[in-house]
Structure formats: C-alpha cells, structure tokens
S.K.: 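The structure follows.
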There are 2 protein chains.
Amino acid sequence: MQRFDHNQNHSRPAPLKSTRQRQVILEELRKVTSHPTADKVYQMVRKQLPRISMATVYRNLEMMAETGQIQRIPVPDGPMSFDGDISDHHHIRCRECGRIFDVPKDMRVDVAVPEELGLRTGFDSVECFMQFTGVCPDCKK
Amino acid sequence: MQRFDHNQNHSRPAPLKSTRQRQVILEELRKVTSHPTADKVYQMVRKQLPRISMATVYRNLEMMAETGQIQRIPVPDGPMSFDGDISDHHHIRCRECGRIFDVPKDMRVDVAVPEELGLRTGFDSVECFMQFTGVCPDCKK
DNA sequence: ATAAGTGCAAACGTTTTGCCCTAGC
DNA sequence: GCTAGGGCAAAACGTTTGCACTTAT
C-alpha cells in the first residue's frame with residue numbers, strides 16, 4: 001500500500017519501555033555522520049546485538065522518526081536514509097557513490113516560497129522537500 | 001541493488017524500432033495531467049493493448065525518460081511517477097490524496113543556490129531536486 | 001500480571017530479470 | 001533473416017505484518 005505522508009512532525013506518544021535494542025540503535029545513529037539506510041543500521045547494531053531483527057530496526061526507526069528523535073531522509077529512487085542529527089540542515093548526495101553529506105541551512109533558499117505557493121495553488125500548509133545532488137570531491141578523482 | 005543516479009539528462013541513443021506499445025504509452029502519458037505511476041500507465045494502455053505486460057511498460061518508461069521524451073517524478077517514500085510534459089516546471093503533491101499537480105517554474109527559487117553550494121561543499125555539477133507538498137483544495141473539504 | 005516490544009518468517013508492493021517468442025527493419 | 005523489443009513468470013528489493021514468545025514496568 002502507498003503511504004503518502006512522510007512528514008516526521010506528527011509527534012506521537014513517546015515509547016513506554018526502554019529496551020537495549022532502542023538504546024543501541026539510537027546510539028549508533030548518533031555516533032556516525034554517514035546517514036545510513038535501515039539495512040546499514042542493522043549491520044551496525046548487529047555487532048552489539050547479534051540476534052536483533054530487521055523488523056525491530058524498522059519499527060524503531062519509524063518510531064524514533066515520529067517522536068522526533070531522528071530524521072528520515074527520503075532518497076529519490078533509493079532506500080530511505082536516517083540521520084541521528086535532528087538539527088535543521090540540508091543534505092547533498094553524491095550521484096556517483098551515493099553518499100549523503102550535511103549542508104548547513106543558512107542560505108537564502110526556500111524561505112518565502114511555501115507561502116507564495118499556497119496562495120497561487122490553493123494548497124494549505126505547503127512544505128518543500130529539497131535535496132541536492134552533485135559529484136563529491138572524492139568522486140571527481 | 002541501489003541506483004544512485006536518477007538524472008534523466010544522460011541522453012542515450014534513440015530506440016531502433018517503433019512499436020505500437022511505445023506509441024500508446026507515450027500517447028496516453030501526453031494526454032493526461034495526472035502524473036501516473038507505472039501501474040497507472042499499465043492500466044491506461046491495457047484498454048488499447050490488453051496483452052501488454054508490466055515489464056514492457058517499465059522498460060519503455062525508463063527508456064523514454066533517458067531519451068528525454070518524458071519526465072520521471074520521484075516521490076519520496078512512494079512509487080515513481082511519470083509526466084508526459086517535459087517542460088521545466090515543479091510539482092506539488094497533496095499529503096492527503098497523493099495527487100500531483102504542476103507548479104509553473106517562475107519563482108525566485110533554487111536559482112543561485114547550486115553554484116554557491118558547489119563552492120562551499122566542493123561538489124561538482126550540483127543540482128537540486130525539489131518537491132512541494134501540501135493539502136490540496138479538494139482535501140481541505 | 002500485563003501489555004509493549006521482540007524475533008522469525010511470510011507477505012507485501014514495486015521494479016528488474018532471464019528466457020524464449022514476435023515482429024520491425 | 002537479423003536482432004530489438006515483447007510477454008511471461010520468477011526473482012529481487014526494500015519494507016511491513018501476523019503471531020507466538022520475551023521482558024520492562
């Protein structure tokens with residue numbers, strides 16, 4: 001089934017139990033800058049919790065995104081990536097190697113646009129998903 | 001396997017044969033404004049070509065995107081959509097019903113950003129994928 | 001004790017593939 | 001006649017779900 005709403009700001013109630021799985025997932029995600037996919041997170045936490053399942057990883061990533069503890073980074077035409085850094089920033093993805101890097105959000109971008117767009121299209125609560133791509137310094141060779 | 005490059009501007013050689021399947025797919029895509037997914041395109045062309053297969057639809061959509069005859073619209077967290085209108089414009093997607101609408105590209109958006117970003121990140125040929133979301137007039141009720 | 005959370009395996013929706021057949025050139 | 005392209009079925013991929021078991025509260 002198709003899910004249309006990938007907005008992460010609908011905060012849901014915080015989890016009721018504190019589990020080792022959750023702790024490790026969040027820890028690992030916060031200690032890297034690599035914006036891993038669910039599968040990468042699974043590989044990372046498996047070193048500490050060899051019996052953890054993918055389902056648990058997915059369930060917790062989803063929950064953490066909805067409670068605002070992590071950020072989801074939808075990758076057009078690729079698997080979802082995750083970011084333990086929830087500060088407001090952009091991402092730039094290398095078209096060669098696929099790696100995602102942070103971009104500080106201090107530029108004159110997408111600022112006045114959503115309101116203007118709402119007026120012109122009749123849409124409510126307009127948001128803008130934006131992702132930069134390019135060829136990273138490493139891949140320039 | 002993961003595909004990182006969803007850029008549609010790497011024009012590949014034009015197809016060698018003209019087939020009925022190709023004609024119908026392109027026709028149908030050009031006659032609607034609804035930005036259908038591959039499955040929707042399949043349903044559309046099946047009325048004229050009941051024996052066509054999904055594989056053919058996917059193969060042709062990919063080829064047409066790479067030869068610049070159609071546009072791919074990656075939908076974050078949803079199936080790829082397609083647009084027979086290849087003129088330069090943005091899209092806005094309703095978070096309630098999932099429909100995609102056109103937005104004219106005449107706003108002061110993403111203009112000077114890529115160059116500046118290149119300087120600041122060391123990336124080459126920076127591009128910006130941008131997609132707006134909101135609640136469409138119909139879904140406001 | 002209870003119910004939230006886990007692991008496992010199976011299912012899901014989307015997209016791709018291999019193989020053999022069909023049909024444009 | 002040659003080979004690009006098609007149909008079919010199966011596989012691949014990322015993700016979700018049902019269910020019985022475990023564990024934090």
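Here is how names work: the chains are called A, B, and so on, in the same order as the sequence lines, proteins then strands, and each is numbered from 1. All values below were derived from every heavy atom in this structure, side-chain atoms included, with hydrogens, water molecules and symmetry-related copies excluded.
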S.K.: Tell me: CG of A:D77 to C1' of C:dT15, nearest whole Å?
M.R.: 10 Å

S.K.: Rounded off to whole Å, could you give me the CE-to-P distance for the B:M64 and D:dA4 pair?
M.R.: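 Spelled out: CE on B:M64 to P on D:dA4 is 18 Å.
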
S.K.: Do the side chain of A:R95 and the main chain of B:S125 share a donor and acceptor less than 3.5 angstrom apart?
M.R.: yes

S.K.: What's the CD-P distance between A:Q21 and D:dT22, to the nearest Å?
M.R.: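 From A:Q21 CD to D:dT22 P: 14 Å.
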
S.K.: Whole angstroms only, please: what is the OH-P distance between A:Y42 and D:dG14?
M.R.: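 Spelled out: OH on A:Y42 to P on D:dG14 is 14 Å.
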
S.K.: What's the CG-P distance between A:N60 and C:dA4, to the nearest Å?
M.R.: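 After rounding, the gap between these two atoms is 15 Å.
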
S.K.: Out of D:dT25, C:dG7, C:dG5, which has the shortest distance to the side chain of A:T19?
M.R.: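 So the nucleotide nearest the side chain must be C:dG5.
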
S.K.: Do side-chain atoms of B:K141 reach the backbone of B:C139 as a donor and acceptor pair under 3.5 angstrom?
M.R.: yes

S.K.: When all nucleic acid strands are considered with a 4.0 Å heavy-atom cut-off, which category describes A:D39: base, sugar-phosphate, or nothing?
M.R.: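 Nothing: the residue A:D39, judged by heavy atoms under 4.0 Å, touches no strand.
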
S.K.: Would you please confirm or rule out a distance under 4.0 Å between OP1 or OP2 of D:dT15 and any side-chain N or O of A:Y58?
M.R.: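 Yes, A:Y58 has a side-chain N/O under 4.0 Å of OP1/OP2 on D:dT15.
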
S.K.: With a 3.5 Å cut-off and just heavy-atom distances, do the side chain of B:R22 and the base of D:dG6 make a donor-acceptor pair?
M.R.: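 Answer is no: no donor-acceptor pair is held.
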
S.K.: Would you mind telling me which residue lines up with the more 5' stretch of DNA chain C, B:A38 or A:L49, judged by nearest nucleotide?
M.R.: A:L49

S.K.: Distance check: side-chain N/O of A:S18 vs OP1/OP2 of D:dA24, anything under 4.0 Å?
M.R.: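 Checking A:S18 against D:dA24: no side-chain N or O falls below 4.0 Å of OP1 or OP2.
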
S.K.: Output the rounded distance in Å from CE (B:M54) to P (D:dG7).
M.R.: 13 Å

S.K.: Of the options A:R30, A:R72, A:H89, which is the one that meets A:D83 in a side-chain hydrogen bond (donor to acceptor under 3.5 Å, both in side chains)?
M.R.: A:H89

S.K.: Please determine, for the side chain of A:R59, which listed nucleotide (C:dT14, D:dC8, C:dC8) has the closest atom?
M.R.: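 Minimum distance to the A:R59 side chain belongs to C:dC8.
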
S.K.: Ignoring hydrogens and angles, answer whether the base of C:dG5 and the side-chain atoms of A:R20 contain a donor-acceptor pair closer than 3.5 Å.
M.R.: no

S.K.: Reckon A:S53 has a side-chain N or O less than 4.0 Å from the OP1 or OP2 of C:dT6?
M.R.: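 For C:dT6, OP1/OP2 do not have a side-chain N/O of A:S53 under 4.0 Å.
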
S.K.: Calculate the interatomic distance between B:R51 atom CZ and D:dG5 atom C1'; express it in whole Å.
M.R.: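 So the CZ-C1' distance, B:R51 to D:dG5, works out to 15 Å.
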
S.K.: By nearest heavy atom, map B:K17 and B:I52 onto DNA chain D; which one lands nearer the 5' end?
M.R.: B:K17

S.K.: Using a 3.5 Å distance criterion without hydrogens, assess whether the side chain of A:R120 forms a donor-acceptor pair with backbone atoms of B:V103.
M.R.: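 Checking the backbone N and O of B:V103 against the side chain of A:R120, no donor-acceptor pair under 3.5 Å is found.
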
S.K.: Look at the side chain of B:A55 and decide which nucleotide, out of D:dG6, C:dT17, D:dT15, has an atom nearest to it.
M.R.: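 My answer, after comparing the listed nucleotides, is C:dT17.
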
S.K.: Would you please indicate if the ring centroids of B:F132 and A:F123 are separated by under 6.0 Å?
M.R.: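 Between B:F132 and A:F123, the centre distance exceeds or equals 6.0 Å.
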
S.K.: For the pair made of CZ in A:R72 and P in D:dT15, what is the distance, rounded to whole Å?
M.R.: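 Atom-to-atom, A:R72 to D:dT15, this comes out as 9 Å.
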
